[in-house]
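The shown structure was predicted, so the numbers you read here are calculated from the model rather than taken from an experiment. Starting from 1, each residue takes its place in the sequence as its number.
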Amino acid sequence: MFKTGKNTGKAALIALSILATLGLIPAQPVLADNTRTATPAPVASKPGGTSETKIDVSDDPILSVAYSSDGKILAAGYKNGISLLDAAKLTFIKAVDLSFSENEAVDLVFSPDNKYLAAIGRHWDSSDSFTTTAYVWDMTDWSMSFTVKEGRGAITGIAWNANSNLLTVSRDKTDDNGNAVFVYSMDGAKQESHESPQVSRLSVNTAKDALFLGSPDGFLYTYNAAASQFRSRVKFHSSNINSLAAENSQALLAAGDDDGNLMLLDTGNNYPFLLKEKNVGYKSGVSIAHDGYEIAYCTSKGNLALSQAKVLEPMRTLYSGTDKESCNVTTFSPDGATLTAGFTDGALRVYPIHAADLETSDPVAPFAAVVLPTLTPTAGTTISLDKLPTQKVPELSKDAIVDWNADQVKVLKKGINLEDFASIYQSQIHYPLKIIGTSGNILLAKDRTGNYRAEMVNDTIINILDQNRQIRVSLAANGLKLTTLSFDPKADRIAAGTTDGTIFIWNMQTGEKTCEIFDTPNRVRALQFSNSGSILAAGYGNMNLSLFSPDTCNRIIKLADTTKPVNQISFSTDDQYLVSAETDTSAQIFKVPTQELLFKLVPDFSRNGLYTAVYNPDQTLLAVGSYEGILTIWNVNSREVRLRLTVGSADNPITNLLFSSDGTKLFACLKDKTCSVLGIQEK
């Protein structure tokens, strides 16, 4: 049995660091060039009737395994190091030392030309906190080509392009600006970046420049790297996709999830199907032979299992795991003749694969059968906005920036409980009505008749309740977390946005889903139907602002990006204008028919951002509410701020502004679920 000399590597690192401090040698990460070639004789056994070769590599669990593209090198990653073996002889070649930063090698990828090795190193800062780094080595001299630090989010996947000169890195940013994939050249320079959903696993189609991204929500995304856009999205799993693999032609993709499902995807038609579901918990470490005939994976019991890809049975257990020896990861050799698995006891187990042994008369798996929802409809022909009703409205100078002071407004009533407010002033409120809290929770939402209300439950369910507070229908967004909703003013429809950028539209009477729109993989922060019901506007965490048709489920147009993520968007009464309240303290106004950004309002009193902005009924006034609880009313004609009043505070900001139907009152609702009523001066 051979080891990697972790303690020796640490001592050497300390010595090198001292010399570097003295200026005798440059400080750099250490690569331990272990030249020992001795290896124990393979232990032959036949569990399950299949020959096995066991190689003890480390005292720590094997976390990653990979073959070089030519099949000559087998790599195993573990805590503080990577061992390289001659794949044919199964003899030790070299150790790559990661003890300089106490990194676990949780992912390994050889470049297609076999000149580079990339790894994700995971360093635990505490029992529940870690940082990640991507390392790239030049295999000709084992020098470090470059590293990619974690930055704003954990590195979750790495993949090479076909020419071996670009490395793709996926990051989980977990903030409103979204997640992303970054592409680096071999000098470590960032070439490009693309927004992405939250990524749990990543696989690459080098021949077709496509990336496959698996998400914690169970969705599989296909990204066209050449065209820099997402090609499709499929509900692939019911829970987190913890492993993802593709065969050489990329016609077949396999993935395991935390619920014990193993799914395949026919990438030609985007139809997923269930290969196997057994009561063994999660399936991880999934790999697929390059010819697409065999699939290997680990079960939660620690077993190593092998199956044919295009039949439902049989599943052969090559190794039955124990408490001390459990399967962790798997990989096939490029020719598909060998399967290697890494175990928690630090051992590799290598098996020859004979396809004939797996032949079965069982029925072929149903590639054409849709087991889970199919891909989201893609955007079609652009819809003209010229047919929108028009009326005479004040023309606004393009690119104007307005910021003036003005007198304050009279407060009629203050601090009314939200439920009481909705009851007292219901005859003066426009429906549909939506009042939100600072966390995005829906406090109150009523449909166009005022008879039905919507409430969010645990961020995943929308209940539609009647006047007796009885649930009429419950709506779920494929397990995704909901962020915002909007009722259609002209039809029995309700739309909701999610954390991954998907927008759902349902018939609120029947619960039928009529649209599932995926335009950009980023949190939907704001959603609003136009007053005519013919447009649905959506604002995202990545500053995208798009208009959709709720009738065709297609995108109409993408407006100019906002300066910062939006908190709320509102249409003018005639749907000619759209105003966005943004987190950078500005409100931007767009002319809808021409998609033109007309101007930006920047209140000088707000340092943290705006929650809400809304037009009055005759479109002469614009009311803006800030994070600091300050209300401003701006005159559209004179472009001056007419009224300013402190209604809330930094701890109790204005979350919603609503004008009464006749425009004589303004209702300002706060984070504490109280509302104030303000009288509007005559023009």
Side-chain angles (χ1 to χ4, degrees), residues 39-57 62 64-77 83-93 108-114 117 139 160 203-207 243-254 256 262 264 275-276 285-298 303-311 313-320 327-343 347-360 365:
T39 184
V43 179
S45 61
K46 292 187 177 181
T50 303
S51 61
E52 170 200 283
T53 300
K54 177 185 176 183
I55 307 172
D56 292 318
V57 177
I62 303 297
S64 52
V65 287
Y67 278 95
S68 59
S69 300
D70 58 10
K72 294 181 179 180
I73 298 176
L74 173 62
S83 280
L84 305 175
L85 297 91
D86 183 308
K89 300 177 182 179
L90 297 180
T91 54
F92 178 72
I93 300 174
L108 295 173
V109 184
F110 285 93
S111 62
D113 63 4
N114 299 304
L117 174 63
M139 294 174 59
W160 294 96
S203 181
V204 66
N205 179 336
T206 54
S243 55
L244 189 63
E247 51 94 5
N248 198 42
S249 68
Q250 304 294 320
L252 192 63
L253 198 74
L262 181 63
L264 297 184
L275 176 73
K276 193 176 306 298
V286 172
S287 62
I288 183 168
H290 288 219
D291 58 9
Y293 284 105
E294 294 87 31
I295 292 178
Y297 54 91
C298 305
N303 297 345
L304 171 61
L306 181 67
S307 292
Q308 276 190 273
K310 296 188 178 182
V311 297
E313 295 291 349
M315 184 270 282
R316 173 169 295 185
T317 299
L318 295 182
Y319 191 90
S320 296
C327 178
N328 242 7
V329 286
T330 68
T331 187
F332 283 93
S333 61
D335 60 6
T338 305
L339 170 65
T340 298
F343 283 72
L348 292 178
R349 288 178 170 85
V350 184
Y351 299 85
I353 301 300
H354 306 290
D357 294 340
L358 290 172
E359 290 182 359
T360 176

Next on the checklist: Is there a side-chain contact between Arg349 and Leu318 in this structure, where contact means two heavy atoms from C-beta onward sitting under 4.5 Å apart?
Outcome noted: no
Checklist entry - Would you call Ile353 and Leu306 a side-chain contact if the rule is heavy atoms closer than 4.5 Å? => result yes
What closest approach, in Å, do [X] and [Y] show between heavy atoms, and which atom pair accounts for it?
X	Y	result
Leu304	Cys327	CD1-SG, 3.9 Å
Val65	Thr340	CG2-O, 4.3 Å
Phe92	Ser83	CE1-OG, 3.7 Å
Asn303	Ser320	OD1-CA, 3.3 Å
Met139	Ile73	CE-CD1, 3.6 Å
Pro334	Ser68	CG-O, 3.4 Å

Using 0.5 Å steps for rounding, measure from the [atom1] atom of [X] to the [atom2] atom of [Y].
X	Y	atom1	atom2	value
Tyr67	Asp335	OH	CG	8.5 Å
Asp56	Ile62	CG	CD1	9.5 Å
Ile295	Ile288	CD1	CD1	4.5 Å
Leu74	Leu348	CG	CG	5.5 Å
Tyr351	Thr330	OH	OG1	11.5 Å

Side-chain ([X]) to main-chain ([Y]) donor-acceptor, under 3.5 angstrom:
X	Y	answer
Trp160	Pro112	no
Asp70	Lys72	yes
Asn114	Ser69	yes

Checklist entry - After noting the C-alpha distance and the side-chain angles of Lys54 and Phe343, does the key distance pass the side-chain contact (heavy atoms from CB on, under 4.5 Å) rule? => result CA-CA 10 Å; Lys54 177 185 176 183; Phe343 283 72; over 6 Å; no
